[in-house]
K.L.:
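Sharing a structure with you now.
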2 protein chains.
Amino acid sequence: MKRSLEHIEYKEDTESLAKFAKALGHPTRIVILKYLENQSCCFTGDLVDVLPISQSTVSQHLKELKNAGLIQGELKPPKIKYCIHPENWKIAKTLFQQFFD
Amino acid sequence: MKRSLEHIEYKEDTESLAKFAKALGHPTRIVILKYLENQSCCFTGDLVDVLPISQSTVSQHLKELKNAGLIQGELKPPKIKYCIHPENWKIAKTLFQQFFD
DNA sequence: AAAACCAATCGTACATTTACGATAGAGAAT
DNA sequence: ATTCTCTATCGTAAATGTACGATTGGTTTT
């Protein structure tokens with residue numbers, strides 16, 4: 001019985017696309033990204049006001065989007081300004097376009 | 001301390017996009033869908049031969065893709081023929097296009 | 001009728017995700 | 001220096017995801 005998850009090798013594009021897709025795989029994160037697309041940028045607090053979830057959960061979702069490379073955070077003390085990460089956003093867009101032909 | 005996960009209401013398009021994205025959120029499923037896009041259709045066994053994972057795991061991934069509506073299965077005894085679900089595929093494509101502008 | 005084949009499902013183990021409240025830490029304002 | 005504000009992180013609980021081998025069930029072939 002094998003009981004430790006093995007990691008399998010995939011092509012880089014496949015991994016990237018899956019990573020981006022995974023980041024998009026929660027409605028809250030879709031809302032956040034749509035918000036950022038309209039506003040171009042915003043602070044964490046703005047999202048906390050808009051979303052029906054706690055501050056810590058919003059922060060967690062932002063962290064995941066950041067880890068996936070879809071957004072970036074800039075220190076604007078005492079706040080943090082989040083924006084779409086333009087280059088990676090473009091890469092993601094291209095990967096999805098290619099994927100769907 | 002609240003310890004049961006609440007489900008929050010989102011717009012239908014947001015939910016749909018997140019659902020499709022979630023289904024795309026694993027490299028194995030990306031590979032399966034790419035395979036289906038090229039071949040147009042295939043049997044479970046074909047995928048088991050190609051992928052470095054067990055039959056039951058492949059079956060599980062197929063189930064998730066089916067639940068997300070991205071593929072459909074047709075009985076071709078003793079096999080099962082899987083194809084892209086054209087209508088939903090188109091919907092997914094459109095949602096991603098809209099999302100990325 | 002029995003054997004063979006294919007693929008779904010079951011049972012299980014472990015990892016990851018999602019949510020919360022509480023706490024911490026960095027900077028600004030008093 | 002102390003207080004206030006904002007947000008990340010910690011700790012925790014519950015749900016979901018990912019993988020496997022074993023089993024089951026339907027269909028075909030023998």
Side-chain angles (χ1 to χ4, degrees), chain A residues 1-10 14-15 18-32 36 41-68 70-83, chain B residues 1-10 14-15 18-32 36 41-68 70-83:
Chain A
M1 247 188 263
K2 239 185 261 150
R3 285 284 169 247
S4 59
L5 303 191
E6 318 203 345
H7 35 290
I8 298 149
E9 283 290 317
Y10 298 93
T14 301
E15 296 266 18
K19 200 181 75 173
F20 286 133
K22 195 174 182 184
L24 299 182
H26 194 287
T28 295
R29 293 195 289 269
I30 297 288
V31 172
I32 291 174
L36 285 177
C41 284
C42 75
F43 301 106
T44 310
D46 302 340
L47 293 166
V48 174
D49 292 343
V50 167
L51 298 167
I53 55 180
S54 74
Q55 180 265 320
S56 58
T57 305
V58 171
S59 209
Q60 243 179 152
H61 282 301
L62 287 169
K63 191 182 179 182
E64 281 200 51
L65 289 172
K66 203 163 53 178
N67 285 343
L70 288 171
I71 65 171
Q72 59 195 156
E74 186 192 343
L75 274 128
K76 284 270 179 181
K79 302 185 178 184
I80 295 171
K81 197 172 80 172
Y82 281 105
C83 311
Chain B
M1 251 187 258
K2 241 187 259 147
R3 284 287 168 243
S4 59
L5 302 192
E6 318 203 345
H7 34 291
I8 299 149
E9 284 289 317
Y10 298 93
T14 302
E15 295 266 19
K19 201 181 73 173
F20 286 132
K22 197 175 182 183
L24 299 182
H26 193 288
T28 295
R29 294 196 286 272
I30 298 286
V31 172
I32 291 174
L36 285 177
C41 285
C42 75
F43 301 106
T44 310
D46 302 340
L47 293 167
V48 174
D49 293 343
V50 168
L51 298 167
I53 54 179
S54 73
Q55 181 265 319
S56 58
T57 304
V58 172
S59 211
Q60 244 179 154
H61 282 301
L62 287 170
K63 191 182 180 181
E64 281 199 50
L65 289 172
K66 204 161 53 177
N67 285 344
L70 288 171
I71 65 172
Q72 60 195 154
E74 186 192 343
L75 275 127
K76 285 269 178 181
K79 302 183 178 184
I80 296 172
K81 198 173 79 170
Y82 280 105
C83 312

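Chain naming here is simple, since letters A, B, ... match the order of the sequence lines and numbering starts at 1 in each. None of these values were measured; they are calculated from a predicted model.
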K.L.:
Applying side chain to side chain donor-acceptor pair (under 3.5 Å), name anything that partners A:Ser54, two or more places apart in sequence or on another chain.
P.N.:
A:Ser56, A:Thr57
K.L.:
Give the rounded distance in Å between these two atoms: CD1 of B:Ile8 and C1' of C:dT17.
P.N.:
14 Å
K.L.:
Can you measure B:Tyr10 atom OH to C:dA19 atom C1' for me and round it to whole angstrom units?
P.N.:
11 Å
K.L.:
In residues 56-68 of chain B, which ones come under 4.0 Å of DNA chain D, going by heavy atoms?
P.N.:
B:Ser56, B:Thr57, B:Gln60, B:His61, B:Glu64
K.L.:
Going by the rule side chain to side chain contact (heavy atoms under 4.5 Å, CB included), which residues pair with A:Val58 if we only count those two or more places apart in sequence or in a different chain?
P.N.:
A:Thr44, A:Leu47, A:Val48, A:Leu51, A:Ile53, A:Leu62
K.L.:
State, to 0.1 Å, how close A:Ala68 and A:Ala23 come at their nearest heavy-atom pair, and which atoms those are.
P.N.:
CB-CB, 3.5 Å
K.L.:
At a heavy-atom distance below 4.0 Å, what parts of residues 43-50 of chain B sit against DNA chain C?
P.N.:
B:Phe43, B:Thr44, B:Gly45
K.L.:
Kindly state each residue pair satisfying salt bridge (charged side-chain N to carboxylate O under 4.0 Å, His left out) with at least one member in residues 53-62 of chain B, sequence neighbours excluded.
P.N.:
none
K.L.:
What closest approach, in Å, do B:Ile80 and B:Gly73 show between heavy atoms, and which atom pair accounts for it?
P.N.:
CG2-CA, 4.3 Å
K.L.:
I would like to know whether B:Tyr10 and A:Thr28 meet side chain to side chain contact (heavy atoms under 4.5 Å, CB included); could you show each step before the answer?
P.N.:
CA-CA 8 Å; B:Tyr10 298 93; A:Thr28 295; 2.3 Å; yes
K.L.:
Just jot down the side chain to side chain contact (heavy atoms under 4.5 Å, CB included) partners of B:Lys66, sequence neighbours excluded, or say none.
P.N.:
B:Ile71, B:Tyr82
K.L.:
Could you tell me which residues satisfy side chain to side chain contact (heavy atoms under 4.5 Å, CB included) with A:Asp46, sequence neighbours excluded, listed by chain and number?
P.N.:
A:Tyr35, A:Cys42, A:Phe43
K.L.:
In terms of ring plane angle, is the pair A:His61 and A:His26 parallel, tilted or perpendicular, where the classes change at 30° and 60°?
P.N.:
tilted
K.L.:
In whole angstrom, what separates B:His26's NE2 from D:dA19's C1'?
P.N.:
9 Å
K.L.:
Taking atom C1' of C:dT18 as reference, at what distance in whole Å does atom CZ of A:Arg29 sit?
P.N.:
9 Å
K.L.:
Rounded to whole angstroms, how far apart are CD1 on A:Ile71 and C1' on D:dT7?
P.N.:
13 Å
K.L.:
Check the phosphate of C:dC6 against B:Tyr82, side-chain N and O only, distance under 4.0 Å to OP1 or OP2. Yes or no?
P.N.:
no
K.L.:
Pick out the pairs of N or O atoms, protein on one side and nucleotides 23-30 of chain D on the other, that lie under 3.5 Å.
P.N.:
none

K.L.:
Once side chain to side chain contact (heavy atoms under 4.5 Å, CB included) is applied, do any residues pair with B:Glu9, and if so which ones, sequence neighbours excluded?
P.N.:
none
K.L.:
Using the closest heavy atom to pick a nucleotide of DNA chain C for each, name whichever of A:Pro52 or B:Ile80 lands nearer the 5' end.
P.N.:
B:Ile80
K.L.:
Can you tell me if B:Lys22 touches the phosphate of D:dT16, counting only side-chain N or O atoms and a distance under 4.0 Å to OP1 or OP2?
P.N.:
no
K.L.:
Do you know the tightest heavy-atom contact between A:Pro52 and B:Ile8?
P.N.:
CG-CG2, 3.3 Å
K.L.:
Quick one: A:Leu51 CG to D:dT7 P, roughly how many Å, whole number?
P.N.:
13 Å
